[in-house]
Number of protein chains: 2
Amino acid sequence: MREGPDIARIASLVGDPARANMLNALMGGTGLTASELALEAGVSLPTASSHLSKLMEGGLLTLASQGRHRYYGLAGPQVAGMIEAITGVAEAVGPKRVRPGPRDGAMRVARVCYDHLAGEQAVAMLDRLVEKDILLRDDREIRLGPSASSHFAAIGIDVDAKPRRPVCRACLDWSVRRSHLAGTLGAAILDKILLEKWARREKDSRAVIFSPPGKQAFEKVFLS
Amino acid sequence: MREGPDIARIASLVGDPARANMLNALMGGTGLTASELALEAGVSLPTASSHLSKLMEGGLLTLASQGRHRYYGLAGPQVAGMIEAITGVAEAVGPKRVRPGPRDGAMRVARVCYDHLAGEQAVAMLDRLVEKDILLRDDREIRLGPSASSHFAAIGIDVDAKPRRPVCRACLDWSVRRSHLAGTLGAAILDKILLEKWARREKDSRAVIFSPPGKQAFEKVFLS
DNA sequence: CGCATAGTTCGTCCCTCATCGAAGCATTCT
DNA sequence: AGAATGCTTCGATGAGGGACGAACTATGCG
C-alpha cells in the first residue's frame with residue numbers, strides 16, 4: 001500500500017525460471033542473442049523473445065544491434081549486483097538442492113552449453129590450456145596465446161579465421177562455479193569431440209558421455 | 001537449465017506485490033505481527049498468513065513468538081541487502097511512477113500507517129520532537145527524552161505505562177523516505193488527533209485530512 | 001530477385017497461484 | 001471454565017501469465 005519503487009515488478013521479472021536463466025547467462029558480461037538465450041533458458045524462441053521483451057521493458061536489459069544479430073546484455077552493474085544479491089540469498093537459503101545433485105551425475109561431468117562443452121571436463125580443459133599458455137586468461141576475457149595457432153592447427157582447428165563471433169569467450173559454469181571455454185573455438189572443440197566419436201550426446205539431454213577410449217584421447221589432446 | 005542456486009524461487013517470492021510490501025515494511029528492522037503485515041500489504045489476514053508461510057518456507061523470514069504474539073522479521077542482513085539491491089534497481093529503472101504521484105496528494109501529506117500517523121506531517125513531527133530533545137533518536141532506535149514524560153502528560157498522554165509493545169519505534173516512510181514515529185506513543189498521538197477532531201480519516205482510504213483549525217492546533221502542539 | 005537465417009507477433013491452451021470467507025486451533029485474560 | 005484474540009487451514013473461485021506452433025517481418029547472401 002505504501003507507494004515506493006515498484007520492487008515487486010522488478011523481482012517478478014527475475015522470478016520466472018526462464019528469465020532467471022537468461023539473466024544468469026548474461027552475468028558473464030557478454031552479449032548474447034535471442035537464440036542463444038532461448039537455448040540457455042530451455043524454452044522455444046518465441047517464448048524467449050517474449051521474455052526478452054519483458055526484460056527490456058522492465059529496463060533490465062540493453063540491446064545492441066549488429067547487422068542481423070541482436071545482442072542482449074545486462075543493463076548495467078546495478079542490475080548485475082542485484083542478481084548477485086539474489087543469488088547470494090538463494091545459495092544461503094537453499095543448500096538442500098545445490099550440493100548432492102545426483103539428479104544427473106553425467107551432466108556435472110560434461111554437457112553441452114549452447115554449442116560448446118561445459119562441466120568438470122570443460123573447466124579442467126580451459127585450466128590446462130591456460131596453464132600451458134596456449135590461451136591467455138585475463139579476468140573475464142580469454143585470448144589466443146602465441147602457440148595457439150599451431151597447437152589447434154595440429155588437431156584440425158583453424159583459429160585464425162575471423163568470424164563475427166569471438167573466438168574465445170569465458171562462460172560461467174554453475175555446477176563447478178568456474179569458467180569454461182565458449183566462442184567459436186569452444187564450438188569447434190565440441191565439434192571435434194563429437195566428430196571423432198570421443199563422446200556422444202545423450203538423447204533429449206544436454207549430457208555428454210565420453211567412451212573410455214574417447215576420454216583418453218580427449219585427455220591426451222587437451223589435458224596432457 | 002544450468003543448475004545453480006534457485007534464484008527464480010527467491011525472486012518470485014519477492015515478486016508478489018503483497019509479499020513485497022510486507023518485506024518492505026520489515027525493512028525497518030522491527031518485528032511485525034501477521035495482522036500488522038496484512039494491513040501493510042493491503043490484504044486480508046488469511047491471505048497474509050499464506051504469504052508469510054511461503055516467505056518462511058523460502059527462508060526469508062524469521063519468527064519470534066512472544067506470548068500470543070508472533071513477530072515476523074527479515075531472516076538477516078543478507079536478505080535486507082537483497083531487498084535494497086532490488087529497490088535500487090526499481091528506483092533507477094522506473095522513475096516514471098515514483099515522482100509525480102498525484103494519485104492521492106492527501107496520502108502523501110498524512111495517512112494512517114497501521115495505528116499511527118505517516119506522511120509529511122508525521123515525519124515533520126518526529127523531526128521536531130527530536131530537535132526539542134523530547135525524543136532521542138539514535139540511528140534506528142527512538143527513546144524518550146528527559147522532558148518527554150511531562151510534555152506528553154500535558155496533552156493527556158501517559159508515556160510511563162509499560163505495555164508489551166515498545167513506546168517508540170521508527171517506521172520508514174516510503175513517500176518521504178524518512179522515518180516517522182510508531183509504537184504506542186505514535187498510536188496515542190493519532191488517537192488524540194482523531195479524538196480532538198483535528199483531522200478525520202477518509203473513508204475506505206488511509207488518508208488523513210486535517211481541518212484548517214485542526215492543522216493549526218496540531219502544529220502548535222507538535223511543530224512549535 | 002529468391003533463399004536462408006534471425007527474430008517478433010499472434011492466437012490459443014493450460015496451469016499456477018493469489019484471493020477471500022468460513023471454520024478450526026491455540027493462547028491468554030477474566 | 002468461558003470468552004475473546006490472534007492466527008492458520010480449508011475450499012472454492014478467478015485471473016494473470018507462461019508455454020508453444022504458425023504465420024509474419026527483417027536482414028543478409030548468392
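Just so it is clear, the model here is predicted, and its values are computed rather than measured.
The ring pair (Phe, Tyr, Trp, His ring centres under 6.0 Å) test applied to B:Phe218 returns B:Phe210, B:Phe222, not counting sequence neighbours. Evaluation of the side chain to side chain donor-acceptor pair (under 3.5 Å) rule for B:Ser149 yields B:Asp160 as partners, not counting sequence neighbours. Applying the salt bridge (charged side-chain N to carboxylate O under 4.0 Å, His left out) test to B:Glu84 and every residue at least two apart in sequence or in another chain returns nothing.
Judged by distance alone, with hydrogens and angles left aside, the side-chain atoms of B:Lys192 form no donor-acceptor pair with the main-chain N or O of B:Ile157 at under 3.5 Å. In terms of modelled atom types and a separation under 3.5 Å, the side chain of B:Arg19 and the main chain of B:His51 share no donor-acceptor contact. Side-chain atoms of B:Thr87 come within 3.5 Å of backbone atoms of B:Ile83 as a donor-acceptor pair (strictly under, hydrogens ignored).
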Close N/O contacts between protein and nucleotides 16-19 of chain D (under 3.5 Å):
unit_1 : atom_1 : unit_2  : atom_2 : d
D:dG18 : OP1    : A:Arg19 : NH2    : 3.1
D:dG18 : OP2    : A:Lys54 : NZ     : 2.6
D:dA19 : OP2    : A:His51 : NE2    : 2.3

Under 3.5 Å between N/O atoms: give me all the protein pairs with nucleotides 12-16 of chain C, atom names plus distance.
none

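When the local axes at the two ends of the helix from C:dC1-D:dG30 to C:dT30-D:dA1 are compared, using 5 base pairs at each end, they differ in direction by 30° after rounding to 10°.
To the nearest angstrom, P of D:dC20 lies 12 Å from CG of A:Leu39. In this entry the distance linking CE of B:Met56 with P of D:dT9 reads 11 Å, nearest Å. The CZ atom of B:Arg70 sits 12 Å away from the P atom of C:dT28 (whole-angstrom rounding). Between A:Leu52 atom CG and C:dG7 atom P there is a gap of 10 Å when expressed in whole angstrom units.
Closest heavy-atom contact between B:Lys54 and B:Leu13: O-CD2, 3.9 Å. Summarising the geometry of B:Ala118 relative to B:His180, their closest heavy-atom pair is CB-CE1, 3.2 Å, with the distance given to 0.1 Å. The two residues A:Ala8 and B:Ala20 come nearest to each other via the heavy atoms CB-CB, 3.7 Å.
No side-chain heavy atom of B:Leu52 sits less than 4.5 Å from a side-chain heavy atom of B:Leu63.
Nearest to the side-chain atoms of A:Tyr72 among the listed nucleotides D:dT8, C:dG7, D:dC7 stands C:dG7.
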